[in-house]
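Every number for a ligand or one of its atoms is a count from 1 in the order of the listing.
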Amino acid sequence: MSSFLHRLFGLDGRIALVTGSSGGIGRALATGLAQAGATVVVNGRTLSTVEAVVAEIRQAGGTAHGAVFDVTSSSAVKDGIARIEQDVGPLDILINNAGIQRRTPLEDYPEETWHELMTANLDSVFFVGQAVARAMIPRKRGRIINICSVQSELGRPSIAPYTASKGAVKMLTKGMAIDWGKYGIRVNGLGPGYFRTELNKALVEDEKFSSWLAGRTPLGRWGETEELVGAAVFLSSDASTFVNGHILYVDGGITASI
Ligand code: NAP
């Protein structure tokens, strides 16, 4: 990398937490931030998968640590963030990525599943975002990226609660950007289109859905998780020092077309 590009996009010396990075999109983002030079903290609820991603990143020459906690528990989040700040160092970057999908037609949607989904997708962004921002505020510096979705803008049958949660994450992103901008903390959203991960297993295995998706997406295909890394590095780095409260969709053009 030329020194100009390195100054803009390099993350050397920065410490980044990516929630839900023991698999799927989070794993790709944690790996990408490490390749850009950041020390990465890998999170998930399962020790073995967290350790596997930490080992993968280290094997590739990166620096990574594991932090096992459940982002739906505010007390676990507070303890987890305090431990990272003490053992790894001050967080410069947070990617709020952990999230779940539960598909059921709205008229049959169980109340407990609604609460499970809202807690995982929305409450977690508030819990982790607030805990990390409280540490960043005295330092007057930080970058937070909330993983939104094309469903922050568009609905689909049987996922109304997911759409509501991701629409709320979009607006929470704007609220965080407004309240914390004066402390030098930039908050942006990254909105993936359709990517092949565990969360989308049922859709990936459904040939009818895949051919519908290819027709509906101007680039004509599923996304690969590595294709989200460039946008995450951009929003984490000094290449985006005046970008705040923005939602960047990485979706093959799906939100541009009807
Ligand atoms: P995924 O493959 O199911 O991976 C989710 C990750 O989050 C796993 O590592 C999981 O590990 C962790 N996790 C889940 N609940 C957690 C909790 N309560 N606390 C801590 N970690 C937790 O999902 P994905 O497809 O990568 O999705 C990641 C994010 O992108 C989600 O916010 C999703 O809504 C969003 N998104 C995905 C797509 C897509 O096409 N895949 C599109 C738009 C947006 P454990 O279960 O072991 O904890």
Side-chain angles (χ1 to χ4, degrees), residues 17-32 40-54 56 66-77 79-81 84 94-103 115-129 131 145-156 159 161-170 172-173 189-204 206 209-210 213 216-217 221-229 231-232 247-252 254-255:
L17 165 64
V18 184
T19 68
S21 48
S22 56
I25 287 173
R27 171 173 165 251
L29 297 182
T31 305
V40 168
V41 181
V42 176
N43 160 260
R45 292 166 298 180
T46 317
L47 179 63
S48 57
T49 50
V50 167
E51 282 180 339
V53 175
V54 168
E56 238 172 59
V68 176
F69 60 86
D70 184 337
V71 296
T72 66
S73 157
S74 67
S75 59
V77 165
D79 290 351
I81 300 304
I84 294 168
L94 162 66
I95 303 189
N96 272 313
N97 164 79
I100 60 171
Q101 175 62 289
R102 300 285 181 264
R103 297 181 182 84
H115 290 302
E116 180 200 11
L117 185 129
M118 285 298 166
T119 310
N121 290 4
L122 179 58
D123 295 11
S124 67
V125 177
F126 168 64
F127 294 154
V128 185
I145 300 167
N146 295 327
I147 300 301
C148 300
S149 168
V150 292
Q151 264 85 41
S152 298
E153 302 292 342
L154 303 167
R156 282 268 305 149
I159 58 164
Y162 181 85
T163 305
S165 74
K166 290 297 183 177
V169 172
K170 175 182 79 171
L172 183 56
T173 300
L190 176 53
Y194 283 86
F195 288 78
R196 293 175 207 274
T197 66
E198 194 57 32
L199 179 138
N200 276 334
K201 193 165 180 276
L203 302 182
V204 173
D206 178 348
F209 181 86
S210 282
L213 181 67
R216 175 70 181 76
T217 306
R221 61 174 174 84
W222 285 87
E224 302 301 333
T225 53
E226 293 70 25
E227 294 181 292
L228 290 161
V229 170
I247 313 296
L248 175 52
Y249 290 99
V250 178
D251 64 356
I254 204 166
T255 49

Can you tell me if E198 has over 12 outside heavy atoms packed within less than 6.0 Å of its CD? no
By the definition side chain to side chain contact (heavy atoms under 4.5 Å, CB included), identify the one residue from N96, L190, V18, L248 that meets it with I145. L190
Which of parallel (below 30°), tilted (30 to 60°) and perpendicular (above 60°) describes W222 and F209? tilted
Ignoring hydrogens and geometry, is there a side-chain-to-backbone donor-acceptor pair from D251 to P192 under 3.5 Å? no
Quick check against the 3.5 Å criterion: does D70 have a side-chain atom that pairs as donor or acceptor with the backbone of R45? no
Distance under 4.0 Å, heavy atoms only, partner ligand 1: which residues pass? G20, S22, G23, G24, I25, N43, G44, R45, T46, F69, D70, V71, T72, N97, A98, G99, I147, C148, S149, Y162, K166, P192, G193, Y194, F195, T197, E198, L199, N200
Examine distances only and state if a side-chain atom of S124 and a backbone atom of T72 form a donor-acceptor pair shorter than 3.5 Å. no
